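Not measured: the values here are computed from a predicted model.
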Amino acid sequence: MITSTTEIYFNPLTRKPLLNSNSLMEVVEDCLKGKESAMKKFYEHFHGFALSVCMGYCENRDDALEIMNDGFLKVFKSLDKIENIERIKPWLRRIMINVAIDHFRKNIKNQTTQLPENIIETNFGDTSVYAQLSSEDIMKAVQSLPTNYRLVFNLYAIEGYSHKEIGEMLNMAESTSRANLSLANGLLREKLRKML
């Protein structure tokens, strides 16, 4: 049995109410019955949220869309595991991240990372200078990081995983996760500094 409260979800672009928890619960139940119209509503309802999660792990929008669509396939296959509608967003986020990690693992053999020779590992210094950058600028800088650095950076800095957990997820040593984060930070600082 799916439980719910009266939380209302908003379309991030128009800020108009989409589905409240009760109607979302009905949509989920219809998805479980295989109704395509419900699956479409569910997809449209969470599209923006899922895409924003995937964009943090991808270099470009096309890759993010591919990962998001693969993620929604997994979501629809395991939607019966949701018991509380209030936990659906964190659950959906976790699936999107796992799909991004799986995508990374599949493609890691084909990737080589060319690092600039002059990465400077310095402190941000005056953070008010960096406050002038827009969230879009910062997102572009993160997306331009090499894939392995971007994944470690997002999992550590945004999702809050430890290096041990990241190592287990990405099949790498904890020390490699730490090194990748340090290099990601250096590259990110350099990219942000150039944007000022």
Side-chain angles (χ1 to χ4, degrees), residues 10-15 46-72 89-90 92-196:
F10 290 90
N11 179 323
L13 299 176
T14 63
R15 296 298 299 159
F46 287 110
H47 178 271
F49 172 73
L51 184 59
S52 69
V53 172
C54 295
M55 286 294 289
Y57 292 88
C58 297
E59 194 171 332
N60 59 60
R61 187 177 175 85
D62 290 339
D63 288 345
L65 286 168
E66 180 182 339
I67 288 170
M68 181 192 72
N69 288 329
D70 289 348
F72 271 112
K89 271 182 117 172
L92 182 83
R93 178 182 194 86
R94 185 73 205 126
I95 288 176
M96 295 298 160
I97 292 168
N98 285 340
V99 171
I101 290 169
D102 290 345
H103 183 77
F104 166 77
R105 285 182 190 146
K106 269 194 295 190
N107 297 315
I108 190 68
K109 294 172 189 169
N110 302 328
Q111 295 174 0
T112 57
T113 302
Q114 203 64 21
L115 290 177
E117 294 177 18
N118 59 347
I119 294 177
I120 303 168
E121 185 63 33
T122 59
N123 291 328
F124 268 104
D126 185 6
T127 55
S128 64
V129 174
Y130 292 96
Q132 297 171 21
L133 295 169
S134 70
S135 59
E136 289 84 17
D137 290 336
I138 295 168
M139 181 62 118
K140 282 179 188 173
V142 170
Q143 287 174 320
S144 70
L145 292 172
T147 305
N148 50 336
Y149 301 151
R150 183 174 57 249
L151 261 93
V152 171
F153 178 84
N154 281 320
L155 290 169
Y156 184 84
I158 296 172
E159 305 299 335
Y161 288 103
S162 69
H163 287 293
K164 182 179 180 186
E165 292 168 319
I166 294 168
E168 290 168 1
M169 283 188 259
L170 301 179
N171 297 325
M172 64 175 58
E174 189 176 336
S175 59
T176 304
S177 175
R178 289 182 191 282
N180 284 350
L181 179 65
S182 178
L183 290 167
N185 284 333
L187 283 170
L188 194 55
R189 287 182 184 114
E190 197 61 37
K191 289 173 187 297
L192 293 174
R193 193 174 291 117
K194 287 177 182 176
M195 289 180 178
L196 292 175

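Applying the ring pair (Phe, Tyr, Trp, His ring centres under 6.0 Å) test to Phe72 and every residue at least two apart in sequence or in another chain returns Tyr43. Here Ser52 pairs with nothing under the side-chain hydrogen bond (donor to acceptor under 3.5 Å, both in side chains) rule; sequence neighbours left out. For Lys140, there are no side-chain hydrogen bond (donor to acceptor under 3.5 Å, both in side chains) partners two or more places apart in sequence or in a different chain. The side-chain hydrogen bond (donor to acceptor under 3.5 Å, both in side chains) check on Glu165 picks up Ser162, with sequence neighbours excluded.
Minimum heavy-atom separation, Leu192 to Ala141: CD2-CB, 3.8 Å. The two residues Leu151 and Ile101 come nearest to each other via the heavy atoms CD2-CG1, 3.9 Å. Shortest non-hydrogen contact noted between Met96 and Gly71 is CE-C, 3.7 Å.
To the nearest 0.5 angstrom, Asn185 atom CG is 5.0 Å from Arg189 atom CZ. How far CG of Asp70 is from CD1 of Ile95: 12.5 Å, rounded to the nearest 0.5 Å. Between Asn180 atom CG and Leu187 atom CG the span is 10.5 Å, to the nearest 0.5 Å. How far OG of Ser144 is from CG of Asn60: 12.0 Å, rounded to the nearest 0.5 Å. Rounding to the nearest 0.5 angstrom, the gap separating the NE2 atom in His103 from the SG atom in Cys58 is 6.0 Å. Interatomic distance, OH of Tyr149 versus OG of Ser182, reported as 9.5 Å (0.5 Å rounding).
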Side-chain atoms of residues 168-178: list all donor-acceptor pairs with protein atoms under 3.5 Å, sequence neighbours left out, distances to 0.1 Å.
{"residue": "Glu174", "atom": "OE2", "partner": "Arg178", "partner atom": "NH2", "Å": "3.2"}
{"residue": "Ser177", "atom": "OG", "partner": "His163", "partner atom": "ND1", "Å": "2.8"}

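Side-chain contact of Asn98 with Arg94: a donor-acceptor pair under 3.5 Å is present, judged by distance alone.
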Step by step, work out the side-chain contact (heavy atoms from CB on, under 4.5 Å) result for Leu65 and Arg61. CA-CA 6 Å; Leu65 286 168; Arg61 187 177 175 85; 4.1 Å; yes

Kindly indicate, with the supporting measurements, whether the criterion side-chain contact (heavy atoms from CB on, under 4.5 Å) is fulfilled by Lys191 and Val142. CA-CA 9 Å; Lys191 289 173 187 297; Val142 170; over 6 Å; no

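Taking the side chain as every heavy atom from C-beta outward, Ile97 and Arg93 approach each other to under 4.5 Å. The shortest distance between side-chain heavy atoms of Leu183 and Leu145 does not fall below 4.5 Å. Taking the side chain as every heavy atom from C-beta outward, Cys54 and Val99 never approach each other to under 4.5 Å. For the pair Met68/Met55, no side-chain contact is recorded, criterion being any heavy-atom separation below 4.5 Å from C-beta on.
Applying the ring pair (Phe, Tyr, Trp, His ring centres under 6.0 Å) definition to pairs two or more places apart or across chains, none involves residues 173-196.
With hydrogens and angles ignored, the 3.5 Å screen pairs no side-chain donor or acceptor of Gln143 with any backbone N or O of Tyr57. Although no hydrogens or angles enter the test, the distance criterion places no donor-acceptor pair under 3.5 Å between the side chain of Asp63 and the main chain of Glu59.
Geometric assessment of Lys89 against the ring of Phe46 yields a negative cation-pi assignment under the 6.0 Å and 45° thresholds.
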